[in-house]
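Report on the structure given below.
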There are 2 protein chains.
Amino acid sequence: MTPSPASGKRQHVVDTAYALFRQGGFHATGIDRIIAEADIAKMTMYRHFPSKDELIVEVLDYRAGRFDRQLDRLEQEGITAEQKISKIFDWHERWFRGDDFHGCLFAHALAEFGDPGHPVFKAVARQKNRLRSRMQAILEDVMPPDCAEGAAAALLMLIEGATLMAQMGQPAIGNARKAAAAIIGAASVPH
Amino acid sequence: MTPSPASGKRQHVVDTAYALFRQGGFHATGIDRIIAEADIAKMTMYRHFPSKDELIVEVLDYRAGRFDRQLDRLEQEGITAEQKISKIFDWHERWFRGDDFHGCLFAHALAEFGDPGHPVFKAVARQKNRLRSRMQAILEDVMPPDCAEGAAAALLMLIEGATLMAQMGQPAIGNARKAAAAIIGAASVPH
DNA sequence: CTAAAAAGAGACAGACCTGTCTCATCACCA
DNA sequence: TGGTGATGAGACAGGTCTGTCTCTTTTTAG
């Protein structure tokens, strides 16, 4: 039973942990650091989250949920599939340019929790699969489903790679865009 | 002054640390674990490597060197640029299928050492830049240099993304290959 | 054979880690 | 006002971490 479903403390811990994990990584960020930054007692945190691992999963799910809602709004817009994909690249470009960009939290989580049975690993796989299937759904408007599956996978790979390069200080989102256009162009059915 | 330039102990430590870092990550793999697995005394390790961070850099540079030599041999082969790129994808495909594949060690290092001033970060940036520039050199045989630069970046992004997806148990190297063909086809100068 | 270099063995320090426990305090609601 | 649940504060346990130190043993080179 969660101690306080309506409490703001829980989300505050998630927010603080999110910021710290992003900057310093998961193993390198200790519980003591999180509770100091969030200005709460240690027991308050452990009453909400039974372990650090579960807090990490919660942070990832929270972040994934926000991104998912962004995709919800995108899908409701009355624009072409190409424009929707372009908007996803826009989001990433803005993200890369931000002051506190430190790479993809999910990719980092995968790096630190490589065991496929670990809950953190599963949370990462969930998020990446969701993004891929949603891009696939978008692409199915302009190409047959089997083509859309491969194209969505290719777009996801480009985005992941672009995020990694952006973290190394090499903005290549423009090249990713051009490559995405070539991929979609090669798979699209002319209308 | 390095204690023993010709000693095999040093490389043995690097090999052991490489295997452990790959499986368990950097922060999660302690010095004690490394020396136990390598069956050496702790002081032997610290005489060769002044700190854990420098050992990590050494491991990364060693791995990068091996990959670089593989690229050297590839460049000497008398095959087309497309065939060379295809061979690089072959290497990755075999790597992904291996039993002890745990993702890209360099990407993982970047996840755990996100500070651009950190020696580990710089070692990662070196390796990725080298791979990109070498792919660019290959592509310049079939397209103008400015096109080759963008195409090489796109190929690197695809490869990084494919590695990440492979780690999540979703083999997408075939889709990456098709996307690479579309990218090269769009940028190539017909001869 | 001998002297120097390398390695082994293990104690040790000091810090940090996760997670638990107790008790006092505070807010809110009936 | 009284009670109840959430929180604060901090000690504490038990473990792990990196890195240092000393002493002994082994290996290597001249």
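Since the structure is predicted, the reported quantities are computational estimates derived from the model, not experimental observations. Per chain, numbering begins at 1; letters A, B, ... match sequence-line order.
No side-chain donor-acceptor contact under 3.5 Å links B:Asp39 and B:His12. Side-chain contact annotation: B:Asp15 with B:Gln11, donor-acceptor N/O pair under 3.5 Å present. Using modelled atom types, one finds a donor on one side chain and an acceptor on the other under 3.5 Å when comparing B:Asn129 with A:Gln170.
For A:Lys9 and C:dC28, the NZ to P distance is 12 Å, given to the nearest whole Å. Atom NE2 in B:His12 sits about 14 Å away from atom C1' in C:dG8, given to the nearest Å. The distance from atom CD1 of A:Ile40 to atom C1' of C:dT25 is 17 Å, rounded to the nearest whole Å. B:Asp39 places its CG atom 12 Å from the C1' atom of C:dA9, with the value rounded to the nearest Å. For A:Phe49 and C:dT18, the CZ to C1' distance is 16 Å, given to the nearest whole Å. Between the C1' atom of C:dT18 and the CE atom of A:Met45 lies a distance of 9 Å, rounded to the nearest Å.
Ring planes of B:Phe101 and B:Phe96: tilted class, angle from 30 to 60°.
Under the 4.0 Å criterion applied to side-chain N and carboxylate O atoms, B:Glu93 and B:Arg97 are assigned as salt-bridge partners.
Within the structure, every pair that satisfies the salt bridge (charged side-chain N to carboxylate O under 4.0 Å, His left out) test and touches residues 21-31 of chain A, not counting sequence neighbours, is listed here: A:Arg22-A:Asp100.
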(request) At under 4.0 Å between heavy atoms, which parts of nucleotides 14-26 of chain D does protein reach? Answer with one letter per nucleotide, 5' to 3': B base, S sugar-phosphate only, - none. (result) ---SBBBBB----

